[in-house]
Novice: 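Okay, handing you the structure first.
Residue numbering restarts at 1 for every chain, and letters A, B, ... go by the order of the sequence lines.
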Protein chains: 2
Amino acid sequence: MINISKAAKAAGLPVKTVRYIGNIDLVAAQQRSASGYRLYDDRSLRKLIFVRRTRSFGFSIEACRDLLDLYHDSGRSGFDVKRLAEGRLTNIDQKQHDLQSLLDDLSHLIHAWRGDQRPECPILEYLA
Amino acid sequence: MINISKAAKAAGLPVKTVRYIGNIDLVAAQQRSASGYRLYDDRSLRKLIFVRRTRSFGFSIEACRDLLDLYHDSGRSGFDVKRLAEGRLTNIDQKQHDLQSLLDDLSHLIHAWRGDQRPECPILEYLA
DNA sequence: ATAGGGGTTCCAGTAACTGGAATGTCAAGA
DNA sequence: TCTTGACATTCCAGTTACTGGAACCCCTAT
């Protein structure tokens, strides 16, 4: 059981954001101490990490919630799960493709910048 | 020269957002028609695409602005450019690592969900 | 020439934080 | 034991990056 600042640090999120994530019922602390301090166990910490990752790649809070819900809502039918998963799959494929393009762009940019001189080739040439 | 709806479609952004991106002086239309319509050329379109990509992976507007500025501000010294570029590099390395983790997580999730049945293995087991 | 589907600006609202004030708690040192 | 400083709490206001809507203008095709 770790307190909020340790959880925040381990998850790579600001403490404020961890509190916010709890306030909107996305990831709650596993319990509170006698004096009301949030206490996170390993599972809630993993959820925070998952939230940081999904959020940092542009998924909405509600998308995160859906993904996390899949784990919790054991009453959900196999069909529902599959449909939701398939939806996300398309989404992820696009993201993956997009990320590749961005990494290509940035990689070109970085290599062009590596020297001390401004590259001759205009940076935006690389942006497809 | 294409109008805003074509530019928006080509860039994968809502028209509203393209206008917003212009309003905050991030990417302006190359010119306006006689009647005030925004007109985008190839270069401004490429910038919009670049902005969508960077934004969709969690870079702030100001980070986008810095990257785009590197292209425009030809008065910038080689040193400045290099320092800024090196800063972004670290950033990108982290993102890349992070993305790999997220893709691993999601890939596990997806494969676990592919069948009609809820997987036996709890989803969050995969979240490192 | 006119109807419909664009475009424009401006202003208000939303999502996801983020900062700050007021207050409570805990652990370490005098 | 007391105190002091770094942490925690809630609540409320402010910011960033859109997003929707009203009111109005423009262009194309019947």
Novice: Rounded to whole angstrom units, what separation is found between the CG atom of A/Leu26 and the C1' atom of C/dC17?
Specialist: 13 Å
Novice: Can you tell me the distance, in whole Å, between the NZ atom of B/Lys6 and the C1' atom of C/dG7?
Specialist: 13 Å
Novice: I'd like the 5' and 3' limits of the part of DNA chain D contacted by chain B, with heavy-atom contacts below 4.0 Å.
Specialist: D/dA17 to D/dC27
Novice: Pick from B/Asn23, B/Leu13, B/Val27: which one makes a side-chain contact (heavy atoms from CB on, under 4.5 Å) with B/Val18?
Specialist: B/Leu13
Novice: Residues in side-chain contact (heavy atoms from CB on, under 4.5 Å) with A/Arg19, at least two apart?
Specialist: A/Ile4, A/Val15, A/Arg38
Novice: Could you tell me which residues satisfy side-chain contact (heavy atoms from CB on, under 4.5 Å) with A/Lys6, sequence neighbours excluded, listed by chain and number?
Specialist: A/Ile2, A/Asn3
Novice: Please go through A/Met1's hydrophobic cluster and name the other residues, only I, L, V, M, F, W, Y counting, with side-chain heavy atoms under 4.5 Å joining them.
Specialist: A/Leu39
Novice: Write down the distance between CD1 (A/Ile24) and P (C/dT14), rounded to a whole number of angstrom.
Specialist: 16 Å
Novice: To the nearest 0.5 Å, what is the distance between CD1 (A/Ile49) and CG (A/Leu45)?
Specialist: 4.0 Å
Novice: With 3.5 Å as the limit, what N/O pairs link the protein to nucleotides 25-27 of chain C?
Specialist:
unit_1, atom_1, unit_2, atom_2, d
C/dT25, O4', A/Tyr37, OH, 3.4
C/dT25, O3', A/Ser35, OG, 3.4
C/dC26, OP1, A/Ser35, OG, 2.6

Novice: With sequence neighbours excluded, tell me which residues meet side-chain contact (heavy atoms from CB on, under 4.5 Å) with A/Arg55.
Specialist: A/Val51, A/Ile61, A/Cys64
Novice: Using a cut-off of strictly less than 4.0 Å between a heavy atom of the residue and any atom of DNA chain C, enumerate the qualifying residues of residues 15-22 of chain B by number.
Specialist: B/Lys16, B/Arg19
Novice: Which side-chain N or O atoms in residues 29-36 of chain B pair as donor and acceptor under 3.5 Å with protein atoms at least two apart or in another chain?
Specialist:
unit_1, atom_1, unit_2, atom_2, d
B/Arg32, NH1, B/Gly36, O, 2.9
B/Ser33, OG, B/Ser35, N, 3.3
B/Ser33, OG, B/Ser35, OG, 3.1
B/Ser33, OG, B/Gly36, N, 3.4
B/Ser33, OG, B/Tyr37, N, 3.1

Novice: Test of understanding: with side-chain hydrogen bond (donor to acceptor under 3.5 Å, both in side chains), list the residues that count as partners of A/Ser44, not counting sequence neighbours.
Specialist: A/Asp41
Novice: Of all heavy-atom pairs between A/Leu48 and A/Ala7, which one has the smallest distance, and what is that distance?
Specialist: CD1-CB, 4.2 Å
